[in-house]
**Student:** 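This structure is in structure tokens; I'll ask about it shortly.
What's counted below: heavy atoms across the whole structure, side chains too, no hydrogens, waters or symmetry copies. Since the structure is predicted, the reported quantities are computational estimates derived from the model, not experimental observations.
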2 protein chains.
Amino acid sequence: MAKRVTLAEVAAQAGVSPITVSRALRRPDTVQPETRARIDAAVTALGYVPDPAARALATGRSDVIGVLIPSATNAVFTDVLSGIYDRLAESRFDVQYGITRYDPGTEESLLGVFLRQRPAGLIVAGIDQTAAARRLLDRAGCPVVQVMEIGADPVDMMVGFSHHDAAAAATRHLIAQGYRRPGFLGARMDPRTRRRFAGFRAEAEAAGIFDADRCETTETPSNVGMGAALLRGLLERRPDTDAVFCNNDDLALGALFEAMRLGRAVPGDLGICGFNDLEMMRAAEPPITSVRTNRFEMGARAAEMIRARLEGKDPGPALVDLGSEVQARRSTEGPS
Amino acid sequence: MAKRVTLAEVAAQAGVSPITVSRALRRPDTVQPETRARIDAAVTALGYVPDPAARALATGRSDVIGVLIPSATNAVFTDVLSGIYDRLAESRFDVQYGITRYDPGTEESLLGVFLRQRPAGLIVAGIDQTAAARRLLDRAGCPVVQVMEIGADPVDMMVGFSHHDAAAAATRHLIAQGYRRPGFLGARMDPRTRRRFAGFRAEAEAAGIFDADRCETTETPSNVGMGAALLRGLLERRPDTDAVFCNNDDLALGALFEAMRLGRAVPGDLGICGFNDLEMMRAAEPPITSVRTNRFEMGARAAEMIRARLEGKDPGPALVDLGSEVQARRSTEGPS
DNA sequence: GGCTACGATGACAGCGCTATCATTAGATGA
DNA sequence: TCATCTAATGATAGCGCTGTCATCGTAGCC
């Protein structure tokens, strides 16, 4: 256990009072250059590092930025996390995160855990907090960014994109490519998934080709095997389905493998479109069309907005739409 | 900002002194049942939650368990993280994590960040710390668990498996299946990757079929597209290669897609074996052989060991080998 | 009955830092 | 020259909790 060096020891070494050291560290411009130099020398000589707990207690404020995400294994959220981390790594802030497991109740209680630490800022995924959680956020007393989505009535700031519109664009792409009997594969029907489904449905209905029987969904978590299972189920019921919009890329990959097993040519017999545009979509054979979302950027922007607010700079607009774009690839080149 | 309820207020409400409330909360068996009941009632009535910063300052110990992993997006580490999280979510401990980006220097400095918080415990990935980091860990003054690997000379506790042996087993499997000209694909040649390569090499040499020209590696990060590129490169140089052991599943998936593009039948013309056994391996077409490692369990055990130590229970053996096993699937059914 | 032993509770101080206000020295101007 | 102001620094107190020791009351024992 390295012995702790206190402010007072640094002060003694530098021949000033502790409070001056504190100031020199936090607002260097308020102490005379030569005093500061002496203090800096003492700090490095003794290897002083501030005690975050003591600071938190004295200021009633910690340097923790809390992040609430539904899952630690879903690539979508880990990409956002990376973005956050990237912009906070060199700062005085620490990231602490909580996993909600897609459960609003868990989110609510984790929010309590974070709040009692008086966090410097809060980043939460989505816009579907419970009423109680919403109330907690409203009174958080720190910058709050909702990520992943945009919607009306932000708690504070928001950076994301419209899942509805992104799914609608993907559906339009399928239709434009000539597919006329598109289906939908979805797992873990969380609020974002539902909005994507709504986007698919709206666009399919507008084209007069929506068929509820071509929508294969499950509440269980999403993975590649599930994509295969869902496609199999869908094709058993509606063998003439000529394309599928998959709620995410894992499902799309599973659908591709299942199509191979069933001897359905992609894209000739079956068009496949994913969502999120993970790296593997581009590398697949055939390469799979997907909807690119800017996940890393989302986290990065959220972190930047919080930092800007905390450092008194201009955080820019409170609502940032990062958009999305369909990455058209061979898997949706059109029916043969 | 929800106003903070202090211990003193709870004490007043319950008609006892603050210190008794403190005791009732931390070691309930040391206060009389009825006193405790009164205190509990006051706590719930006022919605009291302890201030972690004040506690940390008073005890010189925080409830933070620090986790150091190389990457937040690599499924391997997020699975470990999930395991840790799973066993700590309901406890008084908070997880705080740092990303080393596979850089020993970053690991060292992050270690400093954690240590100054006087963490309750530390979990670090791997056994390849710098000398300075090693020294810090030795003096950490808290339980330390190294995860992902096992090796000689643990800092404190260790839970993992032998990457060398796991790779050797996979290689033996390829040979047993009849492949005689196996190659190796590797990206991001970190220490674990190198040990896996060593395992492959040892086994191939033992069989008298090692060929350095069949080893295609790169220092750049691993992904599916890279798997495809590496296989292409390998086959250009050694077209008669009849199997590949891929350093991870992303590479294996990329290799599968590339084989499809090149018209090489898997497993007849080319056997493919991955590493980690991510879910998608089972769902692929053909299903891909891979080496199962117990990542979630690894995190879970690490967390349990730390908790046991902190709670004065028996943490069990300090070195836990979780092993690994080859999951044989169609992709290595043997050459045609 | 008087003593010890022990369990339950409380008083006090202090963890390391910072907010607040006070003080000092130096600069400015009539 | 003296009053006035400003910048730099210091003294004091306290953030909310817990370690340590003191105190009190009661059971147990001869």
**Student:** Which value, rounded to the nearest 0.5 Å, describes the distance between Thr78(A) atom OG1 and Tyr97(A) atom OH?
**Tutor:** 11.0 Å
**Student:** Would you kindly compare Ala58(B) and Val16(B) by the position of their nearest DNA chain C nucleotide and give the one closer to the 5′ end?
**Tutor:**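 Counting from the 5' end, the first nearest nucleotide belongs to Val16(B).
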**Student:** Would one find more than 12 heavy atoms of other residues, nucleotides or ligands at under 6.0 Å from atom CD of Glu311(A)?
**Tutor:** yes
**Student:** Got a sec: does the CZ of Arg295(A) have more than 12 other heavy atoms crowding it under 6.0 Å?
**Tutor:**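 More than 12 heavy atoms, drawn from other residues, nucleotides or ligands, come within 6.0 Å of this atom.
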**Student:** Of all the heavy-atom pairs spanning Arg61(A) and Cys142(A), show the shortest one and how long it is.
**Tutor:** NH2-CB, 4.4 Å
**Student:** For the CD atom of Gln129(A) and the CG atom of Asp138(A), what is their distance to the nearest 0.5 Å?
**Tutor:** 10.0 Å
**Student:** Judged by atom type as modelled, is there a donor-acceptor pair below 3.5 Å linking the side chain of Arg188(B) to the main-chain atoms of Tyr102(B)?
**Tutor:**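 Here the side-chain-to-backbone pair does not exist.
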**Student:** To the nearest 10 degrees, what angle separates the axes at the start and end of the helix from dG1(C)-dC30(D) to dA30(C)-dT1(D), five pairs each?
**Tutor:**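 It works out to 40° between the end axes.
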**Student:** Under a 3.5 Å threshold, yes or no: a donor from one side chain and an acceptor from the other, between Asp79(A) and Ser82(A)?
**Tutor:**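 Ser82(A) and Asp79(A) do not have a side-chain donor-acceptor pair below 3.5 Å.
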**Student:** Roughly how far apart are Arg307(B) CZ and Arg87(B) CZ, rounded to 0.5 Å?
**Tutor:**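 Rounded to the nearest 0.5 Å, the CZ-CZ separation comes out at 10.0 Å.
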**Student:** Drop me the distance from Met158(A)'s CE to Asp321(A)'s CG, to the nearest 0.5 angstrom.
**Tutor:** 11.0 Å
**Student:** Hey, where on DNA chain C does chain B first and last touch, going 5' to 3'? Cut-off is any atom under 4.0 Å from a heavy atom.
**Tutor:**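 Reading along DNA chain C, I get dA8(C) to dG16(C).
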**Student:** Of the options dG16(D), dG19(D), dG14(D), whose atoms approach the side-chain atoms of Thr59(B) most closely?
**Tutor:**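 Shortest atom-to-atom distance from the side chain points to dG19(D).
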**Student:** Under 4.0 Å, heavy atom to any atom of DNA chain C: which of residues 19-52 of chain A qualify?
**Tutor:**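 Contacts with DNA chain C under 4.0 Å: Ile19(A), Ser22(A), Arg26(A), Tyr48(A), Pro50(A), Asp51(A).
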**Student:** Checking Asp29(B) against Arg36(B) for the salt bridge (Lys or Arg N to Asp or Glu O under 4.0 Å) test, could you report, in this order, the C-alpha distance in whole Å, the side-chain angles of both residues, the deciding distance, and whether it holds?
**Tutor:** CA-CA 9 Å; Asp29(B) 54 302; Arg36(B) 199 192 325 157; over 6 Å; no
